[in-house]
Amino acid sequence: MQGIKNKILAKPVEFGLILFLVLGAAWLAIADRWSDAIVVDDAAADIRRLEAQKREELAQTLSRFNRRVELLKAVPRIVAQAPDVRNALLDPASHDGSTVFRLLTTLADTLPVGKIMIFDRTGVLVMSSDRSDVGRLSESTVQHGKFFNRALSGYSDAFYGVDAITGMPGFYFSVPILFGDMVLGAVVVKLELEMVTNEILNRNLTLIDQNGVIVAASNPAFRLMAHPGAIVDALSTAERYQLYRRSAFKPLVLQPARAPLPGSVVMLPNDPVPYLHLDGQQDIASELKVHMLLPLESLNHLHERQQVVLWPMLCAGFLALALALLLLIYLVRTRLLRQQLTVANLELRRQAESDPLTGVANRRKFDMVLETELARARRYAHPVCLAIIDIDFFKRVNDVHGHPAGDAALIYLADIMALAIRNTDVLARLGGEEFGLLLPETDEAGAALLLERLRVVIETSELVYDGVAIPLTISIGYACAGRDDDVEQLMRRADEALYAAKQGGRNRVCAAPPC
């Protein structure tokens, strides 16, 4: 982990570029989904508003259709209740039918109906607003259909059918002609399909009959398709052919659109345009239903709308990411430079305070620490001792073995002494072969014990240089600080003790007399 961190700190720009590419790819995926969700949510809100508006329009259309149907249903009732009509069916031989014909033609010309027909109980067309139909077996759909049979049973009805002879589809409204409890026949009003189609054109409506078959639609392609939930397939082949002049019906498949679009949005197979599908809250004439299938062309442009949202989002995100990474790179580089500066300062300080050959403190550092420790010892009345160490016959080592061997001896002794003293002690090279050792919190007895042990370690050790063993010994003079000692006096006393050690035969430890 630390290695990775160091690599990042070493190459922040390269790392920032890689991070930008990785985060940029992630932001691209996030922005694509986010912009798509925003556009789809907005489209869903627009569709919900449109749905509320179209439901109101559909309710008004249904109300208008129902008023029209009630008017059409009133026509056969008027005819069925006319005395001349009943008399013509009761005694057709003595009735010429002219009065009834005038009634039928007047109503047909006045009201928006195709024709008005009167059938007797046997299903024979005896009177019609169109004289050419009388005596023909026209409207056989009516004569042999279950709705005509219901009329003969005393029920009114409305249904869709196709004339077997003319092949003309239409809507039929039937009412029984009653004489007391006896059914004399039926009055049937036919409304041509064209009249209904004209009513729903440009309204995106589909008219569904009692069997679930779309019998009229603003889109001609939907006509005579089976609406979802249709029961037309439950009819016999003969019944289907009698009503529609066909026996097979292609289903209208309505597939739900993707979420979160409302459930009223559907898709048709092989049609890229979504549709708003609304069903009427009330039926027409109890058997007919009106649905709305409104094409939503605008949903085909969701991708373009998403791009309009996506590109500013991407640009803003990439800009923010770039700025954030630039700031991060700046901070990392600043930290790196600060660390490098700290390391450089430490190195400069180490070089300024260390002996370049042995690595221990130099004379400048030693004097500073000595002054500080001496002031602290004087203030708190703590003991502190100073020792000066000199290598015996060091000139002989240089003369016999060469100056590199002398340097090796200095390094060797510095390493041994550094390992032998405490962490609180300070070892420094004062110059040439002379070392200084400061022993804080150490009295004369403790200093004597430590320095003697150090002398013994040097005496019993052996420096091997270039395959040659070089014996070494040291002389040590030390002084413990008195109450009136300053740095110069303490150094002078320790130096006098070192001189005494050398005069006494070297390889020994001598203490300065107390002041």
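Hydrogens, waters and symmetry mates are skipped; everything else that's a heavy atom, side chains included, is used.
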| task | Give the C-alpha distance, both sets of side-chain angles, the deciding distance and a yes or no for side chain to side chain contact (heavy atoms under 4.5 Å, CB included) between Glu304 and Gln307. | result | CA-CA 5 Å; Glu304 290 81 355; Gln307 296 301 308; 5.6 Å; no
Quick check: do [X] and [Y] have side-chain heavy atoms less than 4.5 Å from each other?
{"X": "Leu327", "Y": "Leu331", "answer": "yes"}
{"X": "Phe101", "Y": "Ser128", "answer": "no"}
{"X": "Leu276", "Y": "Arg55", "answer": "no"}
{"X": "Arg223", "Y": "Val215", "answer": "no"}
{"X": "Asp279", "Y": "Lys289", "answer": "no"}
{"X": "Val213", "Y": "Met225", "answer": "no"}
{"X": "Asp120", "Y": "Leu184", "answer": "no"}
{"X": "Val113", "Y": "Leu107", "answer": "no"}

Can you list the residues that meet the side chain to side chain contact (heavy atoms under 4.5 Å, CB included) rule with [X], with sequence neighbours excluded?
{"X": "Pro262", "value": "Ala44, Ile47, Arg48, Glu51, Ser264, Val265"}
{"X": "Val426", "value": "Phe366, Val369, Leu438"}
{"X": "Ala43", "value": "Leu261, Leu299, Leu302, Arg305"}
{"X": "Asp415", "value": "Ile411"}

| query | Is the number of heavy atoms from other residues, nucleotides or ligands under 6.0 Å of Trp34 CH2 greater than 12? | reply | no
For [X] against [Y], the heavy-atom pair lying closest together:
{"X": "Ala418", "Y": "Leu427", "answer": "N-CD2, 3.9 Å"}
{"X": "Trp27", "Y": "Met313", "answer": "CZ2-O, 3.4 Å"}
{"X": "Ser35", "Y": "Val309", "answer": "CB-CG1, 3.9 Å"}
{"X": "Thr105", "Y": "Ser129", "answer": "CG2-O, 3.5 Å"}
{"X": "Ala88", "Y": "Val100", "answer": "CB-CG2, 4.4 Å"}
{"X": "Val360", "Y": "Ala414", "answer": "CG1-CB, 4.0 Å"}

Set of salt bridge (charged side-chain N to carboxylate O under 4.0 Å, His left out) partners for [X], sequence neighbours left out:
{"X": "Arg349", "value": "Glu353"}
{"X": "Arg49", "value": "Asp46"}
{"X": "Arg422", "value": "Asp425"}
{"X": "Asp41", "value": "none"}

| field | Set of residues satisfying ring pair (Phe, Tyr, Trp, His ring centres under 6.0 Å) with respect to Phe249, sequence neighbours excluded | value | Tyr244
Any donor-acceptor pair under 3.5 Å from [X] side chain to [Y] backbone:
{"X": "Ser218", "Y": "Leu205", "value": "yes"}
{"X": "Gln81", "Y": "Ile78", "value": "no"}
{"X": "Arg429", "Y": "Ala361", "value": "no"}
{"X": "Ser63", "Y": "Ala59", "value": "no"}

What distance separates [X] [atom1] from [Y] [atom2], expressed to the nearest 0.5 Å?
{"X": "Arg86", "Y": "Leu178", "atom1": "CZ", "atom2": "CG", "value": "8.5 Å"}
{"X": "Thr424", "Y": "Glu441", "atom1": "OG1", "atom2": "CD", "value": "8.0 Å"}
{"X": "Asp84", "Y": "Arg102", "atom1": "CG", "atom2": "CZ", "value": "9.0 Å"}
{"X": "Ile208", "Y": "Leu252", "atom1": "CD1", "atom2": "CG", "value": "8.5 Å"}
{"X": "His277", "Y": "Leu296", "atom1": "NE2", "atom2": "CG", "value": "12.5 Å"}
{"X": "Leu328", "Y": "Leu323", "atom1": "CG", "atom2": "CG", "value": "12.5 Å"}

| said: Check the orientation of Phe20 and Phe318. Use parallel for under 30°, tilted for 30 to 60°, and perpendicular for over 60°. | reply: tilted
| request: Using the test side chain to side chain donor-acceptor pair (under 3.5 Å), find all partners of Asp32 that sit at least two apart in sequence or belong to another chain. | output: Gln306
| task | Return the set of residues passing side chain to side chain donor-acceptor pair (under 3.5 Å) with Asn362 (not counting sequence neighbours), or none when no residue passes. | result | none
| message | Under a 3.5 Å cutoff, is there a donor and acceptor pairing between the side chains of Asn345 and Thr342? | response | no
Side-chain donor-acceptor distances from residues 266-274 under 3.5 Å, at least two apart:
unit_1: Asp271; atom_1: OD1; unit_2: Val273; atom_2: N; d: 3.1
unit_1: Asp271; atom_1: OD2; unit_2: Tyr275; atom_2: OH; d: 3.1

| said: Name the residue from Val75, Thr106, Val189 that meets the side-chain contact (heavy atoms from CB on, under 4.5 Å) definition with Leu111. | reply: Val75
| task | Could you walk me through whether Val79 and Leu104 pass the side chain to side chain contact (heavy atoms under 4.5 Å, CB included) test, one step at a time? | result | CA-CA 8 Å; Val79 175; Leu104 298 182; 3.8 Å; yes
